[in-house]
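Since the structure comes first, as structure tokens, the remarks are kept for the end.
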Amino acid sequence: MEDLFHVPDEPIEFDAVLVPLRDIVVFPRTSTPLFMEEALLDAVQNLAEEDLDVVAVAQRDEEIDTPTPDDIFQIGTGIEPMHMLRLPEGGVSVMVQGLWRVRIKEFLPERDGLMIARVESIPEPEVENTQNVRALVRLAHSLYEKYVALRDLPEDLFNLAYNIAEPGWLADFIASSIDLSVHDRQHLLELLDPLDRLQRVNVLLSSELELLELQDRLHHQVQEEMDKTQREYFLREQLRIIQRELGERDPFIGEAEELRQRIMESPMPEMVREKALKELRRLEAMPPVVPEVGIIRTYLDWLLDLPWGEPPPEEIDLKKAAKVLDQNHYALQKAKERILEYLAVRQLAGSKMPSPILCFVGPPGTGKTSLGRSIAEALGRRFVRVSLGGVRDEAEIRGHRRTYIGAMPGRIIQGMRNAGVVNPVFMLDEIDKLGYDFRGDPASALLEVLDPEQNREYSDHYLEVPYDLSNVFFITTANVLHTIPPALLDRMEIIEFPGYTEDEKVAIAMNFLIPRQKEAHGLERYKVRISEKAVRRIIREYTSEAGVRNLERAIASIFRKLARRYAEGEHPLRLVTDRRLPHWLGPPQYTFGVAEREDEVGVATGVAVTEAGGDLLSIEVSVMPGKGNLTLTGQLGEVMQESAQAALTYARAHAEELGIEIDDFDKIDIHIHVPEGAIPKDGPSAGITMATALVSALTGRKVACDVAMTGEITLRGRVLPIGGLKEKALAAHRAGLKTLLIPKGNEKDLVDIPNNVRRRLNIVLVERMEQVLDRALRPPESDEEDEAVELAHDL
Ligand code: ADP
């Protein structure tokens with residue numbers, strides 16, 4: 001042995017096979033276990049039997065599987081295998097004895113897939129035994145003693161170290177037995193000066209010790225804390241026992257027991273019950289004072305309050321359902337029929353058939369919400385409603401994780417708790433007003449809610465357990481379709497609520513709104529009535545809407561005033577007539593018809609679909625001397641700007657036939673304005689209106705003020721079909737216009753327009769711009785024409 005440890009005084013060169021080491025460094029004069037694959041060991045042994053020594057050398061990167069010369073360090077250790085142990089899981093643990101440091105001088109060709117190199121031994125310099133050296137050695141001894149004690153290592157290790165006085169050897173010995181990174185170890189191996197090496201070991205040892213001491217201190221602190229809580233726990237237990245002995249009920253135990261019972265009795269799925277019981281056990285193990293207790297209690301309350309399980313068997317009575325629907329709502333045939341069809345299918349196919357997801361689209365006050373309620377009544381289910389308007393944060397739909405303070409489930413789960421049953425009619429209002437920002441996209445959470453494939457296991461962040469939404473009948477509502485994300489739109493069946501005609505409104509008021517408001521105001525006993533004529537006047541002069549919301553408000557306001565009279569003992573008139581309306585409602589707010597409108601040059605009336613239903617859209621054009629600029633104002637969308645360009649191109653191309661006497665369009669500026677910030681949402685359908693206003697401005701011919709129009713224009717003056725015809729026709733009718741010009745391509749949609757509207761509104765189908773101008777422009781007047789001609793001459 002002693003021989004083995006003797007490091008040659010002069011470098012000697014020899015050839016060696018290299019054993020690359022991944023996460024360890026072998027130090028001279030120490031023994032180290034190395035793990036090797038069997039194949040590698042065999043190869044090394046074969047080569048060693050031939051003529052080669054063996055050198056262990058660390059890899060620079062332990063991740064590399066087959067290292068090349070570039071991947072290993074230049075200084076390694078000559079080794080001598082001592083004995084080995086075959087491991088049951090494969091591979092061999094070889095105990096090797098480190099001999100001396102060696103330096104790789106030159107790589108030789110590989111053999112058997114192993115790196116071979118010419119290496120030379122590195123002599124270990126002599127160290128004089130000075131006081132300084134002795135002090136360094138003693139310090140190392142005492143640090144190592146502490147380390148062994150703190151780490152609970154075998155004491156023999158220290159005894160061995162204590163007997164090594166040679167600084168270099170001591171350093172190597174300590175380095176091989178303490179926790180160090182490969183980097184630190186290799187650095188020590190490369191420190192050739194023994195004193196430097198021992199010094200470095202001392203530094204590493206003391207920082208390691210510091211860490212260990214700190215850990216030890218922390219450990220003690222934790223222990224103390226634990227002792228404290230345990231003491232408290234014991235005291236409380238004792239208190240409980242004493243209370244029980246005294247016959248007092250322990251509030252905490254009572255509560256926990258009660259919770260357990262409720263959990264056991266709840267119809268929740270087993271998986272949820274397990275989760276609830278687990279949380280309850282956590283709760284019981286906690287001292288009642290920590291804040292966590294409240295959080296867990298609230299969570300358990302949520303699990304217990306939510307409806308779970310299967311819905312009760314349905315009794316479907318189609319006749320009754322139809323009656324309920326008709327009882328509460330006038331018209332709305334499409335929606336009512338869809339519900340009855342659904343019920344019929346349910347009756348035949350049972351509950352296997354997933355519920356449709358309906359989307360009610362239309363302006364405010366057209367009965368979307370109240371029909372939803374009535375559907376619930378017809379189906380014999382509960383109704384809940386959650387508004388999505390302005391929701392931008394996914395967590396509002398899906399909840400916050402419990403780790404957040406004040407965390408709550410999202411709106412869907414809240415809605416389910418309010419419903420209290422697993423199969424409510426669940427209305428998601430304003431799905432067109434969803435926002436999204438950096439906090440995630442609420443639409444994607446809704447996708448999961450509205451997907452019958454996924455909503456059986458809907459996940460809410462707060463709840464942590466899946467919740468089954470598959471028995472819910474979802475209805476969403478929206479004012480417009482175009483802001484609804486397409487993926488969501490795909491999931492839903494659209495049912496349109498386009499708004500009511502005047503006659504429909506009168507019928508709704510007489511049959512539904514008036515009786516309902518009368519009852520709500522406690523006036524059934526009195527024989528008060530509002531005449532049909534009065535209702536018509538309210539519609540014409542006190543409201544301007546597609547729905548009946550303001551109409552209902554006006555009626556409520558009349559009844560409120562009446563109720564007050566009765567309550568004060570007066571006996572007011574029993575009949576509210578149209579003539580007395582200003583007495584009840586104040587002066588009229590809208591004028592019906594177009595009496596005070598006048599034919600004008602450069603102003604044409606279009607109709608557009610907006611959030612509030614159909615609306616008039618007036619377009620103004622003025623022409624002045626300039627440089628050929630086209631200015632558009634009134635916050636026009638891109639498509640509308642393109643329509644304006646198309647209209648202008650049409651006018652220029654047909655200038656002669658149209659009687660435009662301007663020969664140089666580069667010498668005029670054209671300004672197109674759409675007042676009242678009316679941001680038309682329907683894109684191209686204002687095309688022919690722009691062209692009409694433009695031609696009027698360019699020719700000086702007046703536009704007939706009782707004509708409205710809608711249609712897209714092509715560069716060649718063809719008129720293309722548009723959407724939302726019914727809303728537009730209703731708007732034109734509501735405003736008392738006489739004629740509506742619509743594209744021939746929309747002829748098929750005429751069936752949607754109620755007969756009474758068609759009787760009063762002259763709807764004209766047009767295919768070409770010339771037909772539009774024929775109808776919309778007045779014949780040239782002499783003086784106006786002169787003006788236009790003058791303008792033309794000025795240019
Ligand atoms: P929306 O949800 O479309 O804004 P609401 O459902 O709130 O409209 O309707 C406003 C009011 O008008 C409600 O009192 C509703 O009952 C009534 N209403 C709307 N349409 C009808 C109808 N077709 N028949 C009877 N009442 C109606």
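Just follow the structure's listing: the first ligand is 1, and inside any ligand the first atom is 1. We use all heavy atoms of the structure for the numbers below, so side chains are in, but hydrogens, waters and symmetry mates are not.
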To which protein heavy atom is atom 2 (O) of ligand 1 closest, and what is the distance rounded to 0.1 Å?
Thr369 OG1, 2.4 Å
Closest to atom 5 (P) of ligand 1 among Gly367, Pro363, Ala546 (heavy-atom distance)
Gly367
When you compare the side chain of Glu552 with that of Ile508, does any pair of heavy atoms fall below 4.5 Å?
no
Using side chain to side chain contact (heavy atoms under 4.5 Å, CB included) as the criterion, point out the one residue from Ile397, Leu446, Ile431 that pairs with Val391.
Ile397
Side chains of Gln589 and Glu541: is there a donor and an acceptor less than 3.5 Å apart?
no
Have a look at Gln327, His329, Lys505, Arg516 and point out the one with the heavy atom closest to atom 16 (O) of ligand 1.
Arg516
heavy-atom search around atom 10 (C) of ligand 1 in the protein gives Gly365 CA, 3.9 Å
For Glu552, counting its heavy atoms only, list the atoms of ligand 1 lying under 4.0 Å from any of them.
11 (C), 12 (O), 13 (C), 14 (O)
Taking atom 24 (N) of ligand 1 as the reference point, the nearest protein heavy atom with its distance:
Tyr330 N, 2.9 Å
Arg553 and Asn550: side chain donor to acceptor below 3.5 Å
yes
Any side-chain donor paired with an acceptor under 3.5 Å for Thr710 and Lys728?
yes
Which bit of Phe512 is near ligand 1, meaning a heavy atom under 4.0 Å away: side chain, backbone, both or neither?
side chain
Pair Glu747 + Lys744, salt bridge at N-O below 4.0 Å
yes
Got the closest protein heavy atom to atom 7 (O) of ligand 1, with its distance?
Arg549 NH2, 3.3 Å
Any atoms of ligand 1 less than 4.0 Å from a non-hydrogen atom of Val548? List them with their elements.
12 (O), 17 (C), 18 (N), 19 (C)
Can Ser387 and Glu430 be counted as having a side-chain donor-acceptor contact under 3.5 angstrom?
yes
When you look for heavy atoms under 4.0 Å from ligand 1, do you find them on the side chain of Tyr500, its backbone, both, or neither?
side chain
Nearest to atom 3 (O) of ligand 1, what protein heavy atom do you find, and at what distance?
Lys368 NZ, 2.7 Å
Is the side chain of Asn746 donor-acceptor paired with the backbone N or O of Ile722 at a distance under 3.5 Å, no angle test?
yes
Below 4.0 Å from any atom of ligand 1, is there a heavy atom belonging to Gly547?
no
Short N/O distance, under 3.5 Å, between Ala331 and ligand 1?
no
Would you check, one step at a time, whether the test ring-ring contact (aromatic ring centres under 6.0 Å, His included) holds for Phe474 with Phe426?
CA-CA 5 Å; Phe474 283 106; Phe426 198 131; 5.4 Å; yes
Any side-chain donor paired with an acceptor under 3.5 Å for Thr501 and His733?
no
For Leu332, the atoms of ligand 1 under 4.0 Å from one of its heavy atoms are 23 (N)
If you measure from each heavy atom of Asn511 to ligand 1, is any distance below 4.0 Å?
no
Counting from 1 in the order shown, the ligand 1 atoms closer than 4.0 Å to a non-hydrogen atom of Ser370 are 6 (O), 15 (C), 16 (O)
Which atoms of ligand 1 sit under 4.0 Å from any heavy atom of Pro364?
4 (O)
Of the backbone atoms (N, CA, C, O) and the side-chain heavy atoms from C-beta on, which set of Ile508 has a member under 4.0 Å from an atom of ligand 1: side chain, backbone, both, or neither?
side chain
Classify the side-chain pair Ser470/Asp468 by whether it contains a donor and acceptor separated by less than 3.5 Å.
yes
